[in-house]
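Counting starts at 1 for both ligands and their atoms, following the listed order. Values below: every heavy atom of this structure, side chains too, minus hydrogens, waters and symmetry copies.
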Amino acid sequence: MINSLRGFRDLLPPESDLFTRIETAAREVFRLYGYQELRIPTLEKKELFVKSTGDTTDIVEKEMYAFTDGGGREIANRPEGTPGVVRAYIENNLGQTGRNGKYFYIGSMFRAERPQAGRYREFTQIGAEHIGNASPYADAETITMLVRLLEKVGVEGCSVVLNSLGCAECRKAYRELLLNYLRLNNTALCEPCKGRIERNPLRALDCKIDGPALAEKAPKLSLCPACTEHFTRTQELLKISGVEHQVNTGLVRGLDYYTSTVFEVRSGALGSQDAVCGGGRYDDLVKSMGGPAAPAIGWAVGVDRVAMLLKDKPAADTAPKTFVIAAAKEAGEKAFALLTALRAAGISSDFSNFELSLKSQMRSSDKSGAAFALIIGEDELKAGACSIKPLKERGEQQTIPLPDAPSHIKQLLKGLSGNPPVSI
Ligand code: AMP
């Protein structure tokens with residue numbers, strides 16, 4: 001028996017169905033906001049992540065699934081989606097299409113983190129990137145879209161936390177201040193931070209080990225007038241779109257490329273891994289990767305964590321509506337044709353094995369959760385009909401000519417009582 005790798009898991013029904021519904025809801029929201037899908041590769045040159053995400057970040061320094069392939073190329077499984085989107089944007093000259101640079105992606109990311117509840121080594125992200133728009137309207141739109149998406153999938157009780165990391169100019173002076181503070185507090189730094197503060201002092205404030213204690217007394221970043229104006233305007237616009245949020249000047253976000261607005265969505269219901277989504281502006285990244293000067297903003301939602309928040313909610317009914325049974329040996333072909341006709345009429349239908357006993361097929365039919373069993377036995381075969389047996393509600397069994405079965409079932413389904421299932 002060969003087991004799956006630690007931190008890698010099988011998504012089984014009904015959780016797999018929950019993932020699909022979250023992704024489908026996300027696609028609808030993206031369409032509403034003018035986003036188009038980018039399907040980017042899972043594997044990229046390792047260098048892409050080193051240069052964009054940053055070699056002082058945990059996900060690149062410690063957690064990347066990187067290897068040398070047979071041709072001696074340094075390759076990495078993507079730990080996040082933004083670098084691939086930016087590479088695709090530049091490589092395919094997407095900035096020259098004249099269209100809004102609004103893209104989304106859905107797919108697996110890989111990080112060799114210590115697995116725990118809500119933290120896996122392969123996990124699914126839904127991400128959005130808006131490239132080529134520097135205005136605070138883009139910030140407000142992208143955060144509003146994120147909140148609406150979470151609402152649409154049924155996530156409740158989340159909070160939006162916002163901060164501004166300023167532009168390169170704001171950070172130039174701050175870098176020196178912070179570096180001095182960190183040097184003075186060198187003994188409070190963890191080993192990895194000691195090695196990286198000279199290259200990226202801001203990283204220490206985001207470090208899971210020493211960050212919280214350091215951040216408390218660290219000097220605060222003061223924004224230049226333009227960055228202050230941008231941040232204030234973003235918050236005013238979020239008020240207009242009805243998005244509640246809190247400013248937290250301690251929110252740093254661990255990746256190298258962030259500038260200006262950064263944000264996270266958190267849920268208290270998740271325990272220690274409480275981040276549902278993280279994002280922010282990356283105004284300098286496209287240019288620094290060899291592309292045009294294209295300011296941008298984006299975010300990524302963790303689907304595994306959203307699914308955790310939704311797993312106890314009533315789900316859409318995925319059971320088949322009908323279950324077809326051949327109660328006589330010769331009835332198999334007619335039953336198979338009936339199944340075909342039902343599906344052609346849009347009625348989800350299933351069967352087990354027409355060659356097994358009636359009892360066995362009835363048992364499978366009960367387990368399937370179907371609303372009706374459609375049975376063809378000897379009598380029905382002679383009459384060119386099928387018997388319809390309600391499985392969920394009391395009701396008479398009735399015999400209907402085979403050609404009328406699909407329309408009759410549609411009528412019966414309309415009349416079923418009970419609350420309609422909640423669908424995302
Ligand atoms: P990040 O790219 O680190 O900002 O992550 C964005 C979102 O992806 C987080 O808010 C989480 O919801 C999700 N996420 C990140 N790492 C993991 C992981 N190892 N397992 C599951 N979800 C994750």
Side-chain angles (χ1 to χ4, degrees), residues 4-11 15 18-19 22-23 26 40 42 44 48-49 52-54 56-65 76-86 104-129 142-143 146-147 149-150 153 155 157-163 165 202-203 206-208 211 248 251-259 261-282 285 296-311:
S4 61
L5 291 166
R6 197 164 115 82
F8 291 75
R9 61 187 183 139
D10 304 308
L11 278 175
E15 201 182 0
L18 192 49
F19 269 58
I22 294 166
E23 289 163 15
I40 44 171
T42 315
E44 298 271 4
L48 176 70
F49 304 107
S52 54
T53 314
T56 58
T57 58
D58 281 353
I59 66 176
V60 168
E61 202 176 18
K62 294 192 245 161
E63 297 165 0
M64 209 148 64
Y65 282 95
N77 271 295
R78 61 184 183 195
E80 59 144 344
T82 305
V85 171
V86 168
F104 76 89
Y105 59 86
I106 299 177
S108 283
M109 304 297 153
F110 302 85
R111 296 181 194 175
E113 294 187 86
R114 195 172 52 78
Q116 64 181 81
R119 198 205 270 159
Y120 308 97
R121 291 182 167 174
E122 178 178 9
F123 56 97
T124 304
Q125 279 188 346
I126 296 175
E129 314 287 354
T142 195
I143 297 170
L146 164 64
V147 171
L149 188 153
L150 292 172
V153 300
V155 173
C158 280
S159 53
V160 180
V161 186
L162 218 60
N163 191 22
L165 299 179
L202 213 59
R203 266 292 292 128
D206 190 49
C207 173
K208 286 168 199 147
N248 179 346
L251 179 68
V252 179
R253 304 282 303 138
L255 314 183
D256 269 12
Y257 48 68
Y258 283 123
T259 52
T261 313
V262 287
F263 50 93
E264 260 178 26
V265 176
R266 297 174 185 161
S267 162
L270 279 174
S272 65
Q273 301 302 309
D274 67 348
V276 177
C277 175
R281 273 209 163 270
Y282 49 94
L285 181 63
I297 184 164
W299 49 251
V301 166
V303 180
D304 303 68
R305 293 191 192 165
V306 171
M308 276 173 79
L309 291 171
L310 299 180
K311 73 175 185 307

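When heavy-atom distances to ligand 1 are checked against 4.0 Å, the residues falling inside are R111, E113, G118, R119, Y120, F123, Q125, R253, A275, V276, C277, G278, A300, G302, R305, ordered by chain and number.
Formation of a donor-acceptor pair under 3.5 Å by the N163 side chain with backbone atoms of F263 is not found in this model.
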*Worked check of side-chain hydrogen bond (donor to acceptor under 3.5 Å, both in side chains) between E129 and T82*: CA-CA 7 Å; E129 314 287 354; T82 305; 2.8 Å; yes
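Side-chain contact, T53 with E80: a donor N or O sits under 3.5 Å from an acceptor N or O.
When each of L146, V147, L150 is checked for a side chain to side chain contact (heavy atoms under 4.5 Å, CB included) with V160, only V147 meets the rule.
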Name every donor-acceptor pair, under 3.5 Å, that has one atom in a side chain of residues 265-280 and the other anywhere in the protein, sequence neighbours excluded.
unit_1: R266; atom_1: NE; unit_2: E264; atom_2: OE1; d: 3.0
unit_1: R266; atom_1: NH2; unit_2: E264; atom_2: OE1; d: 3.1
unit_1: S267; atom_1: OG; unit_2: A269; atom_2: N; d: 3.1
unit_1: S272; atom_1: OG; unit_2: Q116; atom_2: NE2; d: 3.1
unit_1: Q273; atom_1: OE1; unit_2: R305; atom_2: NH2; d: 3.4

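Taking the ring axis of Y120 as reference, the NZ or CZ atom of R9 stays within 45° of it and closer than 6.0 Å to the ring centre.
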